[in-house]
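As structure tokens, the structure follows; a few thoughts come after it.
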Amino acid sequence: MALSKELSHSIVAKFGANENDTGNVRVQVALLTERIKQLTAHVANYPQDSNSKRSMMKLVGQRKRFLKYLQRTNLEGYRALIKELGLRK
């Protein structure tokens, strides 16, 4: 259930400085958000799948740490990113 290459490339192109900018925090948060959305839909269909629930929670924690770092270093970029991704913070 990994992200497709086309979707990953489009996210990197949208949030990164160029198409090879995969290490950027904005890109990583956007990729994690898309992966979390996919896992949320999977867990809704298969509520007994505790391995997927656990992996989703790990991804949520990782995204939270990235957002915390971004908030510390670039507050305006943080606010723009959460607005663009539609996160509730």
Item to check | Heavy-atom side-chain proximity of R35 to M56 below 4.5 angstrom | outcome: no
Next on the checklist: Please report the interatomic distance CG(L81) to CD(Q71), rounded to the nearest 0.5 Å.
Outcome noted: 11.5 Å
Next on the checklist: Membership question, hydrophobic clusters at under 4.5 Å side-chain separation (ILVMFWY): are I36 and Y46 in the same one?
Outcome noted: no
Checklist entry - Looking at OG of S8 and CG of L3, how far apart are the two atoms once the value is rounded to the nearest 0.5 Å? => result 4.5 Å
Next on the checklist: Could you see if F66 belongs to whatever hydrophobic cluster contains L31? Use Ile, Leu, Val, Met, Phe, Trp, Tyr and a side-chain cutoff under 4.5 Å.
Outcome noted: yes
Checklist entry - So how far is it from R65 CZ to K68 NZ, rounded to the nearest 0.5 Å? => result 10.0 Å
Checklist entry - Do you know which two heavy atoms are closest between D21 and V27, and how far apart they sit? => result O-CG2, 3.4 Å
Item to check | Side chain to side chain, E84 and F15, heavy atoms closer than 4.5 Å | outcome: yes
Item to check | Rounded distance [0.5 Å steps], OG1 in T33 versus CG in L67 | outcome: 7.0 Å
Next on the checklist: Would a single hydrophobic cluster contain both Y69 and Y78, if residues Ile, Leu, Val, Met, Phe, Trp and Tyr are joined by side-chain heavy-atom contacts under 4.5 Å?
Outcome noted: yes
Checklist entry - Under a single-linkage definition using a 4.5 Å side-chain heavy-atom cutoff for Ile, Leu, Val, Met, Phe, Trp and Tyr, are V43 and M57 assigned to the same hydrophobic cluster? => result no
Checklist entry - Would you find a donor on one side and an acceptor on the other, under 3.5 Å apart, between the side chain of S52 and the backbone of D49? => result no
Checklist entry - Can you tell me how far the CD1 atom of I11 sits from the CD atom of E6, to the nearest 0.5 Å? => result 11.5 Å
Checklist entry - Quick one: does Q38's side chain get under 4.5 Å of L7's, heavy atoms only? => result yes
Checklist entry - Looking at A44 and P47, what are the two nearest heavy atoms and their distance? => result O-CD, 4.1 Å
Next on the checklist: Quick check for you: to the nearest 0.5 Å, what is the distance between K64 atom NZ and L87 atom CG?
Outcome noted: 13.0 Å
